[in-house]
Number of protein chains: 2
Amino acid sequence: METRELRYFVAVAEERHFGRAAERLGIAQPPLSRAIAALERRLGARLFERTTREVALTDAGAVLLAEGRAALDAVLAAEQRTRRAAHGPGIVLVAKAGASAELLAKLLDAYAAEPGAVEVDVQLCAVHQAPWLRSGRADVGLLHRPYDDLSGFDTEDLLSEGQSLFVRRGHPLASRTELRTSELADLPLPRWPRPDGGYPDGPGPEVRDLTQLRQLISLDRAIAVLPDSISQGGDDLVGIPVVDAEPVTTLIAWPPHSRSRAVADLVRCATRL
Amino acid sequence: METRELRYFVAVAEERHFGRAAERLGIAQPPLSRAIAALERRLGARLFERTTREVALTDAGAVLLAEGRAALDAVLAAEQRTRRAAHGPGIVLVAKAGASAELLAKLLDAYAAEPGAVEVDVQLCAVHQAPWLRSGRADVGLLHRPYDDLSGFDTEDLLSEGQSLFVRRGHPLASRTELRTSELADLPLPRWPRPDGGYPDGPGPEVRDLTQLRQLISLDRAIAVLPDSISQGGDDLVGIPVVDAEPVTTLIAWPPHSRSRAVADLVRCATRL
DNA sequence: CCGCATTGATACCCCACCGGTATCAGTGCC
DNA sequence: GGCACTGATACCGGTGGGGTATCAATGCGG
């Protein structure tokens with residue numbers, strides 16, 4: 001199976017429409033129909049149930065969609081990491097902007113002091129670091145359990161912390177000393193983007209990143225449950241511990257094939273912090 | 001990057017010889033040279049240092065070899081699992097022949113009693129179950145830590161046990177009641193095949209699977225350190241606990257993309273045993 | 001030191017296949 | 001029943017992947 005065929009299949013599976021998929025792929029619809037038909041013939045499996053009104057995945061098609069996405073990610077990652085390796089010996093670390101700032105600083109300092117340390121390009125992204133690792137844009141990342149999907153990565157836990165509800169100073173809840181998750185059920189908590197970029201439905205505000213969220217809280221336009229360490233001096237946020245909230249673990253994650261010396265050194269540094 | 005190019009690259013990287021790689025791929029040498037050159041041009045990375053006498057991987061080439069193998073595995077797995085899904089709703093479980101027999105039997109019974117259970121095709125392989133999972137020949141496997149390479153899989157621990165030195169009844173060590181790893185250093189322990197099929201060097205006998213090993217021990221042609229549960233009634237093996245040996249954990253492992261109901265049910269069954 | 005064997009690169013040719021346009025055929029809807 | 005929509009089919013042209021023949025560089029043996 002060629003990656004071109006997989007890309008074609010995934011496009012049709014996601015669009016559920018040959019015409020739109022062809023447009024997205026930058027080709028005409030007939031060659032796309034033929035490519036899918038040829039793929040089905042060689043796999044000996046019907047992948048779509050088509051009528052002129054609807055294109056639906058079969059069971060086999062659903063399997064190929066899940067597996068094929070992962071396979072395309074792996075091919076893309078191979079390409080990206082090779083390109084970067086040819087450029088120089090540096091590695092790319094991805095972390096969530098505004099989170100684990102202190103831990104990240106300590107880690108970078110400790111690694112820089114290591115003999116044989118290479119340049120570390122730090123990429124701070126809004127949310128969803130995992131796709132950076134899966135697509136090969138990054139070599140190692142600081143992720144958070146249970147928020148990030150860790151499947152397929154090797155990981156080492158770095159630190160665990162509780163969660164608090166953060167509100168503006170003066171908020172009705174600001175005087176409380178502790179809360180329970182049962183009390184949070186009806187609050188308009190912020191909505192984070194899904195991996196596909198859309199937002200779930202709900203009453204809370206849509207947020208893109210932690211900086212934006214912190215400002216919204218300061219403006220009393222949002223309240224949010226976040227790890228304790230989010231609190232930074234200088235702004236008028238109040239954190240009320242949610243005593244029975246699931247603890248959040250910051251961990252370092254990397255793709256398991258990576259036998260790179262630099263990543264191994266960085267991970268070792270992190271676990272010794 | 002197309003999988004054809006990746007296959008070509010991996011063949012050259014493994015053979016370190018364009019002629020032999022071309023033969024292995026079933027094509028002539030010139031198109032292979034051109035394909036690699038085109039790949040290097042598009043990646044902007046030199047992958048091999050070639051002289052007429054030697055072909056060596058560059059740093060970027062080493063990265064592409066590691067990542068590319070994983071990517072090819074993922075593509076192959078997508079193809080295999082799709083083929084199998086089209087055939088019917090069953091799943092394939094792979095386990096090591098002769099190991100965890102009791103656990104496996106209980107698991108299969110428990111799962112069969114589950115509502116919505118599908119057919120489970122049990123594949124017993126000699127060693128190295130992990131490649132079955134990586135290549136898509138199996139959907140779920142019983143593996144052993146620390147023996148198997150678990151990287152890239154989701155896992156759930158099932159049971160942990162100590163290890164014993166197994167010898168024939170009457171062997172000089174058979175009268176001992178316990179041993180320490182330090183006493184085993186000079187013993188001719190059996191040599192298992194590496195993933196590539198070759199055997200490491202050493203004084204012990206080469207073994208292919210547990211049945212063969214058990215028979216060799218019965219014939220006093222081998223002694224081996226194995227998990228306690230290997231012992232089965234009826235043969236003349238004696239197990240002497242190695243009190244400070246690393247415990248062996250039997251676990252159930254599956255590829256993380258698998259969102260299949262059947263695999264999830266099986267895993268849930270296993271954790272409840 | 002000079003052939004010579006070895007091996008990767010180059011030149012050139014052919015055809016398979018991918019993609020394009022035109023068109024057909026099945027289906028739901030007004 | 002006509003019409004819009006959508007996937008499949010027919011046919012054609014060009015790119016590029018694969019083949020053979022050959023060159024060029026390198027190490028080795030006489």
Side-chain angles (χ1 to χ4, degrees), chain A residues 1-62 64-65 68 71-72 75 79 86, chain B residues 1-62 64-65 68 71-72 75 79 86:
Chain A
M1 202 164 35
E2 293 302 314
T3 54
R4 182 183 50 83
E5 304 177 281
L6 262 184
R7 278 193 304 273
Y8 286 9
F9 167 78
V10 170
V12 176
E14 287 180 350
E15 298 286 345
R16 283 177 162 65
H17 191 285
F18 280 74
R20 281 197 301 275
E23 192 179 359
R24 186 173 118 185
L25 292 165
I27 65 172
Q29 170 260 319
L32 179 57
S33 284
R34 265 186 305 136
I36 299 292
L39 183 60
E40 289 180 319
R41 189 158 11 92
R42 261 183 310 143
L43 287 175
R46 192 141 195 85
L47 299 171
F48 297 108
E49 291 300 337
R50 322 133 156 87
T51 68
T52 56
R53 280 313 195 197
E54 195 182 36
V55 173
L57 277 173
T58 61
D59 287 349
L64 186 57
L65 180 57
L72 284 178
V75 172
E79 189 167 339
Chain B
M1 201 164 36
E2 292 302 314
T3 54
R4 182 182 49 81
E5 305 177 279
L6 262 183
R7 278 195 303 273
Y8 287 9
F9 167 78
V10 170
V12 175
E14 287 180 351
E15 298 286 345
R16 282 175 161 65
H17 191 288
F18 280 74
R20 280 198 300 275
E23 191 180 358
R24 187 173 118 184
L25 293 165
I27 65 171
Q29 170 260 319
L32 179 57
S33 284
R34 264 187 304 140
I36 299 291
L39 183 60
E40 289 180 318
R41 190 160 7 95
R42 261 183 310 146
L43 287 175
R46 193 142 193 83
L47 299 171
F48 297 108
E49 291 299 337
R50 320 127 152 97
T51 67
T52 56
R53 280 315 196 193
E54 196 182 36
V55 174
L57 278 174
T58 61
D59 288 349
L64 186 57
L65 181 56
L72 284 179
V75 172
E79 190 167 337

First and last nucleotide of DNA chain D, 5' to 3', lying under 4.0 Å from heavy atoms of chain B:
D/dG17 to D/dG27

Out of C/dG8, C/dG19, C/dT7, which has the shortest distance to the side chain of B/R50?
C/dG8

Please check the phosphate of C/dC18 (OP1 and OP2 only) for any side-chain N or O of A/R4 closer than 4.0 Å.
yes

Between the axis at one end of the helix from C/dC1-D/dG30 to C/dC30-D/dG1 and the axis at the other (five pairs apiece), what's the angle to 10 degrees?
20°

Protein-nucleotide distance (A/I27, atom CD1; C/dG20, atom P), rounded to Å
6 Å

Just call it for B/Y8: base, sugar-phosphate, or nothing, with non-hydrogen atoms closer than 4.0 Å on any strand.
sugar-phosphate

Rounding to a whole Å, what distance do you find between B/R20:CZ and C/dG8:C1'?
13 Å

Would you please test B/T58 and B/E49 for side chain to side chain donor-acceptor pair (under 3.5 Å) and show each step?
CA-CA 6 Å; B/T58 61; B/E49 291 299 337; over 6 Å; no

Do A/E2 and B/R7 sit within salt-bridge range, that is, some charged N less than 4.0 Å from a carboxylate O?
yes

Which nucleotide wins on minimum distance to the side chain of B/H17, given the candidates C/dT7, C/dT27, C/dG19?
C/dT7

Taking for each residue the nucleotide of DNA chain D bearing the nearest heavy atom, is the 5' side occupied by A/F18 or by B/A28?
A/F18

Atom-pair distance (CD on B/E2; P on C/dC18), nearest Å
10 Å

